[in-house]
Novice: 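Below is a structure I'd like to ask you about.
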Amino acid sequence: MMKEYIINRVHELYWDEDINCARTTIICLSELFEISLEPQTIWSAVGLHGAGGYRAQCGLVEGALMFIGIYLHMLGKTEDEIVSDCYNFASSFDKTFGSLRCFELRPTGFSESDSPHMCEKLTCNGIEFAYQYILEITEQKNVTGLQE
């Protein structure tokens with residue numbers, strides 16, 4: 001079951017490995033679509049959790065956009081098609097979640113008094129949203145057997 005997989009994997013990446021939202025997103029999507037990623041790709045997302053905690057663009061968006069670019073390139077889409085699909089993803093994410101900005105999605109910011117990984121539920125929902133979006137734009141069904 002895809003939803004259960006995402007919930008369990010996000011929890012593991014957050015609590016066992018202390019990985020940020022952007023890296024968690026790109027890792028989960030790569031696993032769901034069975035795409036291997038280079039270590040440099042994972043490292044490139046190390047500071048993307050709201051622009052290193054600055055609370056700019058949400059890391060869930062950034063991680064998903066990174067994966068969309070990689071995956072659609074592998075499927076042979078043109079750069080213009082990928083840019084359009086990224087734009088549409090951002091627009092859809094904004095409409096669904098109410099913002100693209102960490103500042104608005106995580107209103108308490110990043111302080112020592114915050115409970116750890118306070119965006120865990122949002123992360124699960126964001127990854128599921130990205131997964132479904134990618135399935136729709138690639139017109140694939142049941143790619144990994146994890147889809148509900």
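Keep in mind that the numbers below use all heavy atoms, side chains included, and drop hydrogens, waters and symmetry copies. One-based numbering along the sequence shown.
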Novice: May I ask you to check whether over 12 heavy atoms, not counting those of E17, lie within 6.0 Å of atom CD?
Specialist: yes
Novice: Hey, does the side chain of N88 reach the backbone of S84 with a donor-acceptor pair shorter than 3.5 angstrom?
Specialist: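 Between the backbone of S84 and the side chain of N88 there is a qualifying donor-acceptor contact (under 3.5 Å).
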Novice: Please check: side-chain N/O of D94 versus main-chain N/O of R101, any donor-acceptor pairing under 3.5 Å?
Specialist: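 Side chain of D94 to backbone of R101: no pair is present.
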Novice: Could you state the interatomic distance from CZ (F67) to CD1 (I27), rounded to the nearest 0.5 Å?
Specialist: 12.0 Å
Novice: Rounded to the nearest 0.5 Å, what separates atom CZ in F103 from atom CD in Q57?
Specialist: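 Result: 15.5 Å between the selected atoms.
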Novice: About how many Å separate CG of L13 and OG1 of T123, when rounded to the nearest 0.5 Å?
Specialist: 10.5 Å
Novice: For F97, check ring pair (Phe, Tyr, Trp, His ring centres under 6.0 Å) against everything at least two apart and list the hits.
Specialist: F93, F129
Novice: Does any non-hydrogen side-chain atom of L48 lie less than 4.5 Å from one of M66?
Specialist: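 Yes, side chains in contact.
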Novice: Return the minimal non-hydrogen interatomic distance between L29 and A130, and the atom names on each side.
Specialist: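 Here L29 and A130 meet closest at CD1-CB, 4.0 Å.
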Novice: Write down the atom of G69, the atom of I82, and the distance for their closest heavy-atom approach.
Specialist: CA-CG2, 3.8 Å
Novice: For H73, enumerate each residue passing the ring pair (Phe, Tyr, Trp, His ring centres under 6.0 Å) test, keeping only those at least two apart in sequence or located in another chain.
Specialist: none
Novice: Can you name the closest pair of heavy atoms from C21 and L60 and give their distance?
Specialist: CB-CD2, 3.8 Å
Novice: Decide whether Y87 and I70 are clustered together by the hydrophobic rule: side chain heavy atoms of Ile, Leu, Val, Met, Phe, Trp, Tyr closer than 4.5 Å, transitively.
Specialist: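 Not linked; separate clusters.
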Novice: Measure the spacing between NE2 of H49 and CG of N20 and express it to the nearest 0.5 Å.
Specialist: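 H49 NE2 to N20 CG: 5.5 Å, rounded to 0.5 Å.
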Novice: Let me see the working for L105 and S99 under side-chain contact (heavy atoms from CB on, under 4.5 Å), right down to the final yes or no.
Specialist: CA-CA 7 Å; L105 295 168; S99 182; 4.1 Å; yes
Novice: Minimum heavy-atom separation for T24 to V10, with atom names?
Specialist: CG2-CG2, 3.9 Å
Novice: Hey, what do you get for CG (L135) to CD (Q132), rounding to the nearest 0.5 Å?
Specialist: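 It comes to 5.5 Å.
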Novice: To the nearest 0.5 Å, what is the distance between CD (E12) and SG (C28)?
Specialist: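 Here the rounded value is 9.0 Å.
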Novice: Which heavy-atom pair separates C86 from I68 by the least distance, and what is that distance?
Specialist: SG-CG2, 3.8 Å
Novice: Donor-acceptor check, side chain of E81 to backbone of T78, threshold 3.5 angstrom: yes or no?
Specialist: yes
Novice: For Y133, give me all partners under side-chain hydrogen bond (donor to acceptor under 3.5 Å, both in side chains), at least two apart in sequence or on another chain.
Specialist: none
Novice: Do I6 and M1 have side chains that get closer than 4.5 Å, going by heavy atoms?
Specialist: no
Novice: Is a side-chain donor or acceptor of S30 paired with a backbone partner of I26 at a separation under 3.5 angstrom?
Specialist: yes
Novice: Check whether I35 and W43 end up in the same hydrophobic cluster, where Ile, Leu, Val, Met, Phe, Trp and Tyr are linked by side-chain heavy atoms less than 4.5 Å apart.
Specialist: no
Novice: Counting distance only, does the side-chain N/O of T96 pair as donor-acceptor with the main-chain N or O of S92 below 3.5 Å?
Specialist: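 Answer holds: yes.
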Novice: Kindly give the heavy-atom pair with the smallest separation between E62 and A51, and that separation in Å.
Specialist: OE1-N, 4.4 Å
Novice: Could you see if L100 belongs to whatever hydrophobic cluster contains V83? Use Ile, Leu, Val, Met, Phe, Trp, Tyr and a side-chain cutoff under 4.5 Å.
Specialist: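 As far as the 4.5 Å side-chain criterion goes, V83 and L100 are not connected within one cluster.
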Novice: Compare all side-chain heavy atoms of I19 with those of V46 and state whether any distance is below 4.5 angstrom.
Specialist: no
Novice: Just by modelled atom types, is the Y14 backbone N or O under 3.5 Å from a matching donor or acceptor in the H117 side chain?
Specialist: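 Yes.
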Novice: So, applying salt bridge (charged side-chain N to carboxylate O under 4.0 Å, His left out) with R9, which one of E31, E128, E120, E4 is it?
Specialist: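 Result: among E31, E128, E120, E4, E31 is the only option passing the salt bridge (charged side-chain N to carboxylate O under 4.0 Å, His left out) with R9.
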